Amino acid sequence: MAHVADLREATAELVRDGDSVALEGFTHLIPTAAAHEIIRQGRKDLTLIRMTPDLIYDQMIGMGCARKLVFSWGGNPGVGSLHRFRDAVENDWPAPLEIEEHSHAGMANRYVAGASNLPFAVLRGYVGTDLPKVTSTIAPIKCPFTGEELMAVPALNPDVSIIHAQQADGRGNVAIWGISGIQKEAVLSARRAIVTVEEVVDELVPHPFQVVLPAVAIDAISVEPKGAHPSYADGYYDRDNSFYEAWDPIGRDREEFGAWMEEHVLGTENFGEYLESVRAKGMVTK
Amino acid sequence: MAHVADLREATAELVRDGDSVALEGFTHLIPTAAAHEIIRQGRKDLTLIRMTPDLIYDQMIGMGCARKLVFSWGGNPGVGSLHRFRDAVENDWPAPLEIEEHSHAGMANRYVAGASNLPFAVLRGYVGTDLPKVTSTIAPIKCPFTGEELMAVPALNPDVSIIHAQQADGRGNVAIWGISGIQKEAVLSARRAIVTVEEVVDELVPHPFQVVLPAVAIDAISVEPKGAHPSYADGYYDRDNSFYEAWDPIGRDREEFGAWMEEHVLGTENFGEYLESVRAKGMVTK
Amino acid sequence: MTTDGNTGKAAGSYTTDEMMTVAASRELADGTVCFVGIGLPSEAANLARATHAPGCVLIYESGTVGAKPDVLPLSIGDGVLAEHADSVVSVPEIFNYWLQAGRVDVGFLGAAQVDRFGNINTTVVGDYDSPKVRLPGAGGAPEIATSAKEVIIMLRHRPRALVEELSFITSVGHGTGGNAREELGLPGKGPTALITDLGVLRPDPETKELTLVVLHPGATVEQAREATGWDLKVAVNPGSTEPPTEKELKLLRELKARTEAARKGTSA
Amino acid sequence: MTTDGNTGKAAGSYTTDEMMTVAASRELADGTVCFVGIGLPSEAANLARATHAPGCVLIYESGTVGAKPDVLPLSIGDGVLAEHADSVVSVPEIFNYWLQAGRVDVGFLGAAQVDRFGNINTTVVGDYDSPKVRLPGAGGAPEIATSAKEVIIMLRHRPRALVEELSFITSVGHGTGGNAREELGLPGKGPTALITDLGVLRPDPETKELTLVVLHPGATVEQAREATGWDLKVAVNPGSTEPPTEKELKLLRELKARTEAARKGTSA
């Protein structure tokens, strides 16, 4: 059952070296504050899971937190490559990164199977592509009624899933509105779940296309205003597009990357301080 | 793409003799007006599909519309038996009724598979029960990764699905709020879809736990105020519990049932007239 | 829902049905996630919420999670279940993401008939193809019985309800007894209690046969034997249920009075 | 998103990129349900919506159905996609209930590389295990290519983009040509057009090899041959694209100006 906790404590308690960890967010509501806290605490050997790894996974990979990446699309949306991700895959820097690669449809259904406590999911996909040649977690399956052959993918059950949401109420129920992506399934498929929120309110009110995750499905809630920056939180702040652009040259260079992480993430105590630190460099535009 | 149509025309165009038809609604928003119109038009040989057949399927079965029932729980909720359903199963009156019986979990997943264009769904269910002995649409399936054995059920793809919703907007998008049950999957798994609504509004506004079905998934929308009576429409009217109680003695007797249907359903032109007719008998309490 | 069992005798100042509901409500520890059937289980679960277990998370198969009805629902999808719920989800989600996912601590079920191993019949009496009585069918029960961590069944003690042999196994309890559930690979541990209007039956740790372990005040072993369709096993020293407290009785009666008033209100 | 292709020459009063976008937008009939990739496809689809196809239903993989962005989204999940959408659903729903269900008429895709049969690579250049270039990966494309009733691909005409052999088949076009799709059991009919900044390629009805059938104004067969990594097949009498109309050009430029202003606004 959800309790409101400091993000540092929640991370210390719930995220462990060697865990499989999903920090989900589909362009909207990316849990940046939580990713930074994992980096600050120096977690190692993580299997990072995410449909759309972007800046935060680039940072975690570049800082050596990850052993493996399970994903379906890795890039800097609207800008280009994730250079730390590429450096790890192309040059094993800072360490080799094992990858397990799927399509979005495959990943989404793997989470659905995990949330449903089923060992696998079935979909029409992958046929004719080279993905089954390089990804062992894709296998044919026959319909017992029609004999038709489809593809199966195994369930995802992360040790920890972390998402960012707009609000929690006093009981610990969490509200996401606007684009909610795969967040519900990420939380419900996980053994442990942390949610960072913009704020805690007395009572949730209906918003367009709102999803409410009941408190009983969540282990810890941490209040992290602007905790999804540079992505956006519908109703709170817009996407900071220029930050994504600014990340490209930083991520491109190993030393510049290291210095930037040292100064802004490792050199700060929490996300509030981080935001001040990057704002002072003109990197936060709102 | 949804067009607003008279329910009589929509039924004439989209519901055909011999069709498999799902009129869904999980206690809330039961499409009574649409069921009556199917009875008025004398449809025959239907395969009726529904998780929770209640009064409207009792009426359709008693009036001889149905050849087969695919279901998981058939009763008069809070009152007792469906006497027309029982009479058909126990005594073949007015005609034999083939039944295909599942659990709620099985039916729900069959709709999910249908909506997903998959031939089957997988669940943890049925094991150790007598259902697989009497229902041929349950079969074991092995996980290709773990070897674990689970159960498979075939997809449901009704020829027509019909639901009742609170509102449609000017573009034909449909809003359901409160308990939405299996309605989304019923519509999306069907070849054709009819939605009756309480009213058409300019713009949908957020309501608690609202589901919006896009216009492109719907063939016809008909405005039928109070069209879910005696069930309820959250935001419009409450459940008419006494009607469910009043149905018991009517449904229990073949002749009384026949006379009642003749007078109130066959003897009226539309649902508005029907409501007046039963209201005149003191059967509609609000 | 029958509010006072037709044949239930009042023992002192409460009825046997009230005793049954109170006894069942006490089985629910605070904070429990409970998948609730309509009727008696719903009554007991909401009494628990009103008394010692305000933090219980009640789940109804219509999709309500954390339902907090102030009156008893007459159907599984009454509006009062959604009104103050933590969340309302689709029916596939409630069965897949909540029940099958193993998030339910207690499945709280009614039944038409049970056998000595807590298997449940809600399908037919007599032959399936030409039944003597066609019952409503499975509903959510088979998978509740499979996936809830434990199951509590409520049923009035009658020879036609507690039967020697079921015409149909709709939902599995302890199957043929012993390790049957493990052998079938069922995740939950099955029925841990059958609460009747006479007492409480619990499975024998070895054989899993339901055994009368507690009698409600005023009920006798003899009565229970007569009202059971099989040769009832009785614990060596059956315990005795604490009678309803004043608070329990008051809150139960208020709940039912509010329900009755609301029902009449709707029908007025 | 590059707004004016770096090497695109203006032909008259418009750029080759503008011609490409306009040509692609014309492929979309009004009322079409279109699953839209970010970048060039999104630009073309929204131009179509602004010009001749206001009733198009645009679906983005982030879960927006009937998106009506007034500026171009920079990412697949921008808020502007949800704002006026008919509905916003979860990612599993968009892939299962919409795409896999066969509700999508046109899949509108970009690519890093295509081959002569319209197969797409967005995974790696070079060896998979030690790649020369690691590309972003599959995203939604493999299943769009499988399940959309037809697929339109947009790609600037360069020898490194239209290649003889793909390092990796991320999404299937016409496979090895001929009846390959039927043999693989794929539901949609695959790529029906590859729109480049030089012209339009369509699959040969028999062999399914992409064939240059239309040239944009100013472009030559020679240019197209040089910019293609395989021995390009050319129709006997390639047609010529109608240049952008004043209205098309005006609306496209307004869309991009609004997008630029909004982007700056966010960053100001």
Side-chain angles (χ1 to χ4, degrees), chain A residues 25-28 51-52 71-75 77-79 81-82 85-86 89-90 99 101-109 111-112 123-131 133-134 148-149 177-185 208-209 211 231-232 234 238-245 285-286, chain D residues 1 38-39 61-64 73-79 81-83 85 87-92 94-96 99-100 119 122-124 128-143 145-147 166 168-172 175 180-181 184-187 263 265-268:
Chain A
F26 211 92
T27 311
H28 185 204
M51 294 184 64
T52 53
F71 77 112
S72 40
W73 191 91
V79 178
S81 289
L82 294 179
F85 160 61
R86 282 186 56 178
V89 173
E90 294 170 10
I99 60 177
E101 188 161 7
H102 280 265
S103 66
H104 278 353
M107 285 291 283
N109 279 295
Y111 277 119
V112 169
L123 72 157
R124 297 182 186 279
Y126 300 108
V127 174
T129 77
D130 286 338
L131 284 162
K133 294 180 190 161
V134 298
E148 194 184 350
E149 197 172 88
W177 63 85
I179 290 171
S180 61
I182 192 70
Q183 279 98 311
K184 186 196 313 193
E185 284 77 13
F209 313 113
V211 168
S231 84
Y232 71 105
D234 192 346
D238 289 334
R239 192 168 190 268
D240 191 350
N241 295 310
S242 69
F243 190 98
Y244 286 87
E245 285 164 13
T285 49
K286 276 215 168 169
Chain D
M1 185 181 359
I38 210 69
E61 65 192 20
S62 51
T64 52
L74 294 166
S75 83
I76 202 79
D78 274 19
L81 295 174
E83 214 169 320
S87 192
V88 177
V89 304
S90 72
V91 165
I94 210 76
F95 281 102
N96 293 343
L99 180 61
Q100 186 168 271
N119 301 301
T122 54
T123 303
V124 287
Y128 183 80
D129 287 318
S130 48
K132 227 165 72 187
V133 184
R134 173 66 232 196
L135 300 165
E143 283 76 20
T146 296
S147 288
L166 298 178
F168 195 95
I169 298 182
T170 314
S171 305
V172 187
R181 282 188 75 92
L184 291 169
L186 303 178
R263 188 196 318 216
T266 310
S267 319

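Just so it is clear: chains get the letters A, B, ... in the order the sequence lines come, proteins before strands, and each one is counted from 1. The figures that follow rest on heavy atoms only: side chains count, while hydrogens, waters and symmetry mates do not. This is a predicted model, so every value here is computed, not measured.
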[X], part contacting chain D, at a heavy-atom distance under 4.5 Å:
{"X": "A/F71", "result": "side chain"}
{"X": "A/Q183", "result": "neither"}
{"X": "A/Y232", "result": "side chain"}
{"X": "A/L123", "result": "both"}
{"X": "A/N109", "result": "side chain"}
{"X": "A/F85", "result": "side chain"}
{"X": "A/M51", "result": "side chain"}

Would you mind checking which part of [X] comes under 4.5 Å of any heavy atom in chain A, side chain (CB onward), backbone (N, CA, C, O), both or neither?
{"X": "D/P142", "answer": "side chain"}
{"X": "D/A85", "answer": "backbone"}
{"X": "D/V133", "answer": "both"}
{"X": "D/T64", "answer": "side chain"}
{"X": "D/T122", "answer": "neither"}
{"X": "D/E83", "answer": "neither"}

Out of A/G75, A/A105, A/P77, return the one with the most heavy atom pairs under 4.5 angstrom to chain D.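 Among A/G75, A/A105, A/P77, the one with the most close pairs to chain D is A/A105.
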Tell me, out of A/G125, A/S103, A/S81, who's got the most heavy-atom pairs with chain D below 4.5 Å.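 That would be A/S103.
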On a heavy-atom basis, which atom in [X] and which in [Y] lie closest, and how many Å separate them?
{"X": "D/L184", "Y": "A/V127", "answer": "O-CG1, 3.6 Å"}
{"X": "A/R124", "Y": "D/E143", "answer": "O-CG, 3.5 Å"}
{"X": "A/G178", "Y": "D/V88", "answer": "O-CG1, 3.7 Å"}
{"X": "A/I179", "Y": "D/S62", "answer": "CG2-O, 3.5 Å"}
{"X": "D/A82", "Y": "A/F209", "answer": "O-CE1, 4.2 Å"}
{"X": "A/R86", "Y": "D/R134", "answer": "CD-O, 3.4 Å"}

Side chains of D/Y128 and A/E101, heavy atoms from C-beta outward: is any pair under 4.5 Å?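 Touching, per the 4.5 Å side-chain cut-off.
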Close side-chain approach of A/I182 and D/P92, heavy atoms under 4.5 Å: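 Answer yes - side chains close enough.
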Distance from [X] atom [atom1] to [Y] atom [atom2], nearest 0.5 Å?
{"X": "A/H104", "Y": "D/I76", "atom1": "NE2", "atom2": "CD1", "result": "7.5 Å"}
{"X": "A/T129", "Y": "D/F168", "atom1": "OG1", "atom2": "CZ", "result": "6.5 Å"}
{"X": "A/Y126", "Y": "D/T170", "atom1": "OH", "atom2": "OG1", "result": "12.0 Å"}
{"X": "A/H28", "Y": "D/L81", "atom1": "NE2", "atom2": "CG", "result": "12.0 Å"}
{"X": "A/T27", "Y": "D/I38", "atom1": "OG1", "atom2": "CD1", "result": "8.0 Å"}
{"X": "D/D78", "Y": "A/R239", "atom1": "CG", "atom2": "CZ", "result": "5.5 Å"}

